[in-house]
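Below is one structure, written out as structure tokens; the observations come after it.
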Amino acid sequence: MSFLNDPSMAVLEQGLGLSLRRQLVINSNVANIDTPGFTPSDIDFDAELQKAIGAGRGPRRTHHDHLNADGARRSEVSTFERPDGPAGADGNSVDLDVQMARMSQNAVLYQASTRAVSKKIALLKYAVTQGSEA
């Protein structure tokens, strides 16, 4: 196994993509805070990451429009309705405080992932530029 084929880099890549998708879902929830009857959604990050990692063990798609091994055009991230609490008089169940907490949690996860990727790239750069001198 080479450094470039490090499975942890693939996990970090999938995690960053899922963090981005979760951020978009949270943004949608906040944008619909005044929409009557709206129920917020979320992504089961751990389950989706496991699904993405498992999908990475088979043939790899090199373009998002290519077919998967099962014939599906693209793998979609599953979302589910996750009310923040009881619905108000208008049927909307978005709680801004809950959404901000989820956004903060997602941001911390994203930052940790980007920091890990940066460290791995710095290690690779060190190996290329300084590794022969050690």
Side-chain angles (χ1 to χ4, degrees):
M1 173 176 46
S2 73
F3 182 83
L4 295 175
N5 293 329
D6 185 355
S8 64
M9 288 294 281
V11 171
L12 289 169
E13 177 186 355
Q14 296 294 333
L16 287 169
L18 285 171
S19 288
L20 174 63
R21 289 296 311 255
R22 190 168 191 224
Q23 185 65 39
L24 294 174
V25 169
I26 293 168
N27 290 348
S28 174
N29 293 339
V30 172
N32 286 290
I33 197 164
D34 292 327
T35 303
F38 183 81
T39 302
S41 299
D42 202 356
I43 292 174
D44 185 347
F45 190 89
D46 293 336
E48 291 297 328
L49 184 59
Q50 289 298 322
K51 187 170 80 176
I53 293 169
R57 292 185 181 141
R60 184 169 186 185
R61 292 183 315 152
T62 56
H63 191 273
H64 68 279
D65 284 337
H66 292 170
L67 295 176
N68 287 331
D70 63 358
R73 184 158 288 280
R74 2 180 1 194
S75 61
E76 292 293 326
V77 175
S78 300
T79 60
F80 62 96
E81 289 188 348
R82 184 177 186 185
D84 295 339
D90 63 353
N92 186 306
S93 60
V94 177
D95 183 332
L96 187 58
D97 291 336
V98 171
Q99 293 302 316
M100 292 299 109
R102 288 182 186 150
M103 187 179 293
S104 295
Q105 178 189 31
N106 194 48
V108 168
L109 184 61
Y110 186 86
Q111 290 170 354
S113 296
T114 56
R115 188 168 295 141
V117 169
S118 294
K119 293 281 185 185
K120 285 195 166 281
I121 291 173
L123 183 61
L124 179 61
K125 183 178 177 183
Y126 174 78
V128 169
T129 60
Q130 305 292 325
S132 62
E133 297 174 7

Using the test side-chain hydrogen bond (donor to acceptor under 3.5 Å, both in side chains), find all partners of Asn27 that sit at least two apart in sequence or belong to another chain.
-> Gln23
With clusters built from Ile, Leu, Val, Met, Phe, Trp and Tyr whose side-chain heavy atoms come within less than 4.5 Å, directly or transitively, what are the remaining members of the cluster of Phe38, listed by chain and number?
-> Ile26, Val30, Ile33, Val94, Leu96, Met100, Met103
Approximate separation, where rounding is to 0.5 Å, of Lys125 NZ and Ser118 OG = 11.5 Å
Could you pull out all residues at least two apart from Asp95 that satisfy salt bridge (Lys or Arg N to Asp or Glu O under 4.0 Å)?
-> none
Look at the side chain of Asp90 and the backbone N and O of Thr35, then say whether any donor-acceptor pair between them is shorter than 3.5 Å.
-> no
By side chain to side chain contact (heavy atoms under 4.5 Å, CB included), which residues pair with Val108, not counting sequence neighbours?
-> none
Rounded distance (nearest 0.5 Å) linking atom CD of Glu48 with atom CZ of Arg22 | 11.5 Å
Listed by chain and number, what are the side chain to side chain contact (heavy atoms under 4.5 Å, CB included) partners of Phe45, not counting sequence neighbours?
-> Leu18, Ser19, Leu49, Leu109
With sequence neighbours left out, the residues meeting salt bridge (Lys or Arg N to Asp or Glu O under 4.0 Å) with Arg115 are none
Sorted by chain and number, sequence neighbours left out, side-chain hydrogen bond (donor to acceptor under 3.5 Å, both in side chains) with Gln14 holds for none
CG on Leu12 to NZ on Lys119, rounded to 0.5 Å = 13.5 Å
Using links of under 4.5 Å between side-chain heavy atoms of ILVMFWY residues, direct or through other members, which residues join Val98 in one cluster?
-> none
Side chain to side chain contact (heavy atoms under 4.5 Å, CB included) partners for Ser104, two or more places apart = none
Should Leu16 and Leu20 count as side-chain neighbours, where that means a heavy-atom distance under 4.5 Å?
-> no
Got a second to check how far Asn29's CG is from Asp42's CG, nearest 0.5 Å?
-> 7.5 Å
With the side chain counted from C-beta on, respond yes when Met9 and Leu124 share a heavy-atom pair under 4.5 Å apart, and no when they do not.
-> no
With Asn92, which residues qualify under side-chain hydrogen bond (donor to acceptor under 3.5 Å, both in side chains), at least two apart?
-> none
Which atom names give the shortest non-hydrogen contact between Lys51 and Ser78, and what distance separates them?
-> NZ-OG, 3.7 Å
Across all chains, not counting sequence neighbours, the side chain to side chain contact (heavy atoms under 4.5 Å, CB included) partners of Pro83 are Thr39, Ser93
Sole candidate of Val25, Asp44, Leu24 that passes side-chain contact (heavy atoms from CB on, under 4.5 Å) when paired with Thr79 = Val25
Quick one: which residue pairs count as a salt bridge (charged side-chain N to carboxylate O under 4.0 Å, His left out) with a foot in residues 23-37, not counting sequence neighbours?
-> none
